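Have a look at the structure below before the remarks.
In this text the structure is predicted, and so the values were computed from the model without any measurement. All values below were derived from every heavy atom in this structure, side-chain atoms included, with hydrogens, water molecules and symmetry-related copies excluded. First the proteins, then the strands, lettered A, B, ... as listed; each starts at 1.
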Amino acid sequence: MAKITPLREAVASLVRDGDTVALEGFTHLIPHAAGHEIIRQGRRDLTLVRMTPDLIYDQMIGMGCAAKMVFSWGGNPGVGSLHRFRDAVEQGWPRDLAIEEHSHAGMANAYVAGASGLPLALLRGYTGSDLPKVNPNIRFIDCPFSGERLAAIPSVRPDVTVIHAQKADRRGNVLLWGILGVQKEAALAARRGAIVTVEEVVEDLQAPPNACVLPGWALAAVCPVPGGAYPSYAQGYYERDNRFYIAWDRVARSREAFRDWMRRHVLDTDDFAGFRRVLAESMREAA
Amino acid sequence: MAKITPLREAVASLVRDGDTVALEGFTHLIPHAAGHEIIRQGRRDLTLVRMTPDLIYDQMIGMGCAAKMVFSWGGNPGVGSLHRFRDAVEQGWPRDLAIEEHSHAGMANAYVAGASGLPLALLRGYTGSDLPKVNPNIRFIDCPFSGERLAAIPSVRPDVTVIHAQKADRRGNVLLWGILGVQKEAALAARRGAIVTVEEVVEDLQAPPNACVLPGWALAAVCPVPGGAYPSYAQGYYERDNRFYIAWDRVARSREAFRDWMRRHVLDTDDFAGFRRVLAESMREAA
Amino acid sequence: MTPGVTATEIMTVAASRLLKDGTVCFVGIGLPSAAANLARLTHAPEVVLIYESGPIGAKPAVLPLSIGDGELALTADTVVGTPEIFRYWLQGGRIDVGFLGAAQIDRFANINTTVIGSYDEPSVRLPGAGGAPEIASQAKEVFIVLKQSPKAFVATLPFVTSAGHLDGGDARARAGIPGAGPTAVITDLGILTPDPVSRELALTGIHPGVTVEQVKRATGWDLKISPDLTTTDLPDAATLAALRDLQARTAAAHGTAPDSTPGTTPITTPITTQGRAGGGASGREG
Amino acid sequence: MTPGVTATEIMTVAASRLLKDGTVCFVGIGLPSAAANLARLTHAPEVVLIYESGPIGAKPAVLPLSIGDGELALTADTVVGTPEIFRYWLQGGRIDVGFLGAAQIDRFANINTTVIGSYDEPSVRLPGAGGAPEIASQAKEVFIVLKQSPKAFVATLPFVTSAGHLDGGDARARAGIPGAGPTAVITDLGILTPDPVSRELALTGIHPGVTVEQVKRATGWDLKISPDLTTTDLPDAATLAALRDLQARTAAAHGTAPDSTPGTTPITTPITTQGRAGGGASGREG
């Protein structure tokens with residue numbers, strides 16, 4: 001059974017320097033609170049995996065947590081570039097960032113293969129793209145039946161996966177609904193286990209029979225963090241705060257502004273509730 | 001958009017002699033009405049695919065519809081053997097039946113590969129089993145990353161797949177829930193298309209956001225057949241009639257009893273409603 | 001001691017005792033399902049039951065007739081598709097115990113559920129593999145439950161459907177099969193476990209009232225008997241009552257009784273072979 | 001003629017017209033999403049919109065800011081996981097039209113969204129592939145919509161992220177790529193379509209008030225001009241009203257406007273290049 005435990009303890013006991021870590025959430029249910037906690041605890045040399053690195057990885061990269069990123073699309077959705085990611089790739093600041101780059105189809109299949117305990121994923125993909133020229137983990141094999149050439153990529157097997165979900169029951173069974181992305185596969189692909197932050201813990205999930213439920217016994221930790229997907233959204237709980245995404249562009253453009261912002265909002269706060277309080281202050285100041 | 005159409009027309013226009021046809025339903029939602037209609041229309045030389053051939057294929061095989069069966073477990077669930085299937089395999093009656101035999105994991109993966117438009121499925125399977133010795137469609141390939149040897153089997157791509165579901169809306173969108181088996185994958189793996197019989201057609205499916213819904217445009221035909229999964233069950237509509245499964249054992253033991261039963265109940269009835277009426281009569285007689 | 005306990009009851013209870021609380025168990029239909037649910041209703045309330053039709057965490061009030069009963073879906077924590085069960089849950093390495101029946105086994109606990117006789121011209125066509133080959137290879141360990149007879153416990157299998165310990169020794173590991181394989185075979189006469197080195201099954205437990213000679217006669221090879229042979233505890237009254245309640249509820253719900261129903265002739269000791277299915281097909285999956 | 005129509009509006013409407021009713025369309029975020037939803041709200045009510053985040057049959061009342069807005073989930077016929085979208089729906093061969101944006105394209109409609117400069121030492125790091133490589137290869141045909149400029153329409157791509165017609169001719173088919181590839185590139189200046197044999201893009205449609213010379217100047221190679229060049233019809237009043245309503249609803253809902261918002265300076269003819277994004281990253285996916 002998953003331990004229902006504070007996020008700080010879950011990160012402290014499960015995420016280690018040098019780990020491969022996937023924080024997933026496809027524009028919906030992005031585990032921002034967990035990303036902050038990893039930054040606060042000063043994890044280093046992580047290989048960060050995520051289909052759509054956005055603000056959460058911009059922050060982790062800018063704070064020097066990451067040695068490598070595995071991804072398929074990096075940007076501030078609806079706004080523009082990730083300045084901290086670009087600074088790391090283009091200028092090596094605050095440190096060099098190795099990248100392993102796939103397509104969405106490749107990453108999604110690699111998570112499925114990881115959840116399935118397979119060493120590789122096969123897909124009809126990457127043909128005509130230059131990605132195989134720059135990513136030695138994209139290879140091709142011939143189908144023994146049809147002779148067709150298919151792309152093969154290694155499965156994604158993070159040490160730890162972190163996702164956010166709408167709710168859990170007291171036994172740690174987790175329900176997520178709406179846009180599901182690759183969260184189920186990412187959680188099940190983790191070798192050491194998955195950390196799931198949730199909006200609330202309830203007596204009864206009230207889940208439809210075929211809902212996306214992750215059984216508590218298949219998870220490493222379930223951590224109540226109301227609002228933990230902010231500034232992304234949690235369907236049924238709160239909307240995406242698009243002002244934050246727009247404002248982030250300005251914060252992240254300069255190294256100094258970024259560092260100051262992270263210190264005030266993340267390093268000098270105790271937890272995500274503290275972050276939200278300080279953020280409310282700074283947004284009032286800016287208004 | 002799927003045409004909402006009588007079952008007779010759907011079978012007449014979509015199922016052809018010599019086709020590979022999958023009727024799926026994993027103890028739940030077994031498309032018995034469609035099986036009867038294929039028998040009534042006298043289809044021949046079919047390759048029948050199904051993970052768990054039970055009464056429905058016993059009837060089709062005994063009536064001479066099938067030249068081959070691809071499967072992973074054949075039996076009368078909870079009762080015993082399929083006598084018509086065994087007679088075909090052991091004695092060649094009413095005709096020889098070729099078999100291609102897999103494990104459930106193999107078949108399930110082959111359907112997934114079929115739905116995914118891939119020519120093959122990879123799985124960690126069949127190791128130590130004699131099945132690869134008797135099934136040349138079970139081969140092995142080496143993972144280019146890990147070197148691990150994995151089983152490869154061709155994807156299942158039926159010409160036509162037939163499933164039963166709880167309900168459709170007027171646009172042909174289909175909802176099924178409860179035990180889902182491989183029906184979604186089987187329906188999407190079909191090359192010519194899928195026929196879906198449904199308990200009822202409703203204005204609004206009232207489906208939860210992540211329910212198993214097959215969009216009407218992805219289906220070939222949707223056919224209202226209330227009770228069409230009888231004697232299996234349709235969750236929310238009716239229970240499995242276990243008396244029928246037990247009684248079938250007696251009917252199917254002898255070629256003559258089987259032929260007589262099929263003539264009276266299937267060949268001499270117009271449709272599934274007719275079958276149910278005659279069956280009610282014969283069950284009263286037997287009581 | 002509870003009067004009237006049958007061989008099937010002793011077998012079912014002995015099998016259920018092997019399931020530890022919290023175990024994640026991939027359950028075959030029939031005897032395994034009865035034993036696993038008995039465990040859940042007695043000493044192992046947190047056992048997680050997974051059926052190949054899709055239910056995860058099923059808590060049926062009555063035993064399912066088939067592997068895909070609605071009762072399993074309605075009582076489960078969630079119901080996924082069958083492909084996901086085999087891909088994410090079994091192949092994904094999440095199953096502690098695979099609980100299987102069998103038509104035939106050999107001395108290395110390899111399983112046949114395919115044919116008697118030759119594959120192309122079988123004398124008896126059995127149901128086939130079902131989920132067993134991958135359950136047998138990928139669950140962390142495997143329990144096999146079946147009634148013991150010379151037709152079921154054979155020296156040489158006509159067909160190996162699912163791998164036990166293959167030719168014994170480290171053959172299984174050398175073949176690259178991930179799980180530990182069968183660690184217990186529970187019958188109506190006793191419990192057989194593989195030797196740690198040779199992997200050959202030996203009788204390590206014997207049910208009360210059964211003689212070693214009886215077990216040897218019911219085995220198609222020269223069965224090794226453990227020097228530390230123990231006698232199975234008879235079911236305690238509470239466990240037996242739980243099993244009989246479960247069977248009674250099941251019979252009432254289905255109007256019929258599954259495989260694991262007590263034989264018609266209650267026995268205490270000596271246990272007879274009455275009510276045994278012999279070496280035929282295990283027709284209970286589906 | 002409606003006064004005040006902008007180049008972006010003409011582009012969006014021209015792109016939307018290409019979508020036939022009943023088409024199953026895999027929609028990229030930004031301009032493609034605006035055009036596809038405009039089609040759905042006007043001449044193609046039965047168009048099926050699929051987004052890579054999982055919604056199938058989305059019918060958003062406002063344009064999504066990201067590829068995974070809740071509005072898409074709440075209005076869809078069903079929402080599946082992202083792996084299923086790429087496996088069962090795209091790779092499964094069920095997509096009629098892939099509707100993509102791009103940072104750069106070349107004369108064979110190959111797409112770059114990865115880097116400007118060298119891959120290892122890029123001068124500009126773009127967002128990357130996203131879903132485009134497989135959408136571009138597996139949809140039955142592909143429409144590309146982007147604003148036209150010498151930085152975006154380049155003679156040689158620094159990186160081919162997603163295959164158009166590769167080196168032209170039958171190169172795409174020889175590479176074993178299943179779909180027909182890009183059949184139209186819709187810009188703020190006109191419409192480019194590939195030659196049936198050489199597959200090189202030629203200007204086949206020009207928006208009202210735009211000169212051929214203007215289009216050539218906005219193209220980084222010697223653009224071929226079709227002898228049958230037609231002039232795009234201006235949006236009719238109803239379509240323009242539908243587009244502006246959609247944009248207004250979107251702005252009201254999000255407190256901001258997506259990429260496809262009309263430029264700040266309404267124009268009729270001549271169309272200016274005001275408000276264009278140039279050759280930078282298409283930052284609208286996500």
Side-chain angles (χ1 to χ4, degrees), chain A residues 25-28 51-54 71-82 85-86 89-90 99 101-109 111-112 115 123-131 133-134 148-149 177-185 212 232-233 235-236 239-240 242-243 245-246, chain D residues 29 52-55 65-70 72-74 79-83 85-87 90-91 110 113-114 119-134 136-138 159-164 166 171-172 175-178 254-256 258-259 280-281 283-286:
Chain A
F26 208 88
T27 81
H28 182 210
M51 287 181 67
T52 54
D54 45 19
F71 75 109
S72 41
W73 189 91
N76 182 342
V79 179
S81 292
L82 296 176
F85 162 57
R86 283 179 60 166
V89 169
E90 295 168 12
I99 58 174
E101 199 166 353
H102 288 276
S103 66
H104 277 355
M107 291 282 288
N109 275 285
Y111 274 120
V112 168
L123 68 153
R124 186 178 294 114
Y126 294 110
T127 323
S129 169
D130 285 340
L131 282 168
K133 296 178 188 167
V134 297
E148 184 182 353
R149 200 152 171 264
W177 62 275
I179 301 284
L180 301 174
V182 292
Q183 283 100 302
K184 180 178 195 167
E185 287 74 16
C212 181
S232 79
Y233 75 106
Q235 193 120 36
E239 302 270 317
R240 158 174 156 136
N242 204 50
R243 295 168 306 166
Y245 283 78
I246 293 167
Chain D
I29 209 69
E52 64 198 22
S53 59
L65 277 177
S66 82
I67 206 85
D69 273 20
L72 299 173
L74 294 178
V79 183
V80 302
T82 293
I85 288 287
F86 284 102
R87 290 157 59 88
L90 178 60
Q91 188 176 264
N110 299 299
T113 54
T114 303
Y119 185 78
D120 290 325
E121 310 242 339
S123 58
V124 182
R125 174 65 232 194
L126 300 172
E134 285 73 27
S137 64
Q138 291 164 17
F159 194 94
V160 176
T161 312
S162 306
L166 299 177
R172 187 179 160 99
I177 303 179
H254 296 312
T256 182
D259 231 354
R284 299 296 166 171
E285 197 178 325

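Of the listed residues (D:L90, D:N110, D:L74), the greatest number of heavy-atom pairs within a distance under 4.5 Å of chain A belongs to D:L74. When A:G181, A:G125, A:A108 are compared by the number of non-hydrogen pairs under 4.5 Å with chain D, A:G181 comes out ahead. The choice from A:L82, A:T127, A:V112, A:V134 that makes the most heavy-atom pairs within less than 4.5 Å of chain D is A:V134.
Between A:F26 and A:H104, the ring-plane angle classifies as perpendicular under the 30° and 60° cut-offs.
Heavy-atom distances place no part of A:Y111 under 4.5 Å from chain D, backbone and side chain included. A:M51 touches chain D through its side chain: at least one heavy atom from C-beta onward sits under 4.5 Å away, while N, CA, C and O do not. D:E134 touches chain A through its side chain: at least one heavy atom from C-beta onward sits under 4.5 Å away, while N, CA, C and O do not. Proximity to chain D involves both the backbone and the side chain of A:V182, based on heavy atoms less than 4.5 angstrom apart. Both the backbone and the side chain of D:F159 come within less than 4.5 Å of a heavy atom in chain A. Only the side chain of D:P133 comes within contact range of chain A, with heavy atoms under 4.5 Å apart. Of the two parts of A:Y126, the backbone and the side chain both hold a non-hydrogen atom closer than 4.5 Å to a non-hydrogen atom of chain D. With a threshold of 4.5 angstrom between heavy atoms, A:R240 approaches chain D through side-chain atoms but not through N, CA, C or O. For A:L123, the parts sitting under 4.5 Å from any heavy atom of chain D are the backbone and the side chain alike.
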Q: Mind running ring-ring contact (aromatic ring centres under 6.0 Å, His included) on A:H102 and A:F71 for me, showing each step along the way?
A: CA-CA 6 Å; A:H102 288 276; A:F71 75 109; 9.1 Å; no

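Here A:S129 pairs with nothing under the side chain to side chain donor-acceptor pair (under 3.5 Å) rule; sequence neighbours left out. A:S232 meets the side-chain contact (heavy atoms from CB on, under 4.5 Å) test with A:I30, A:H32, A:A229, A:Y245; sequence neighbours excluded.
The pair D:E52-D:R87 does not count as a salt bridge, with every side-chain nitrogen at least 4.0 angstrom from each carboxylate oxygen.
With a 6.0 Å radius and a threshold of 12 heavy atoms from other residues, nucleotides or ligands, A:E90 has its CD atom above the threshold.
Considering all non-hydrogen atoms of both residues, D:T161 and D:T114 come closest at OG1-OG1, 2.6 Å. Contact between D:L166 and D:A175 at its shortest, heavy atoms only, is CD1-CB, 3.8 Å.
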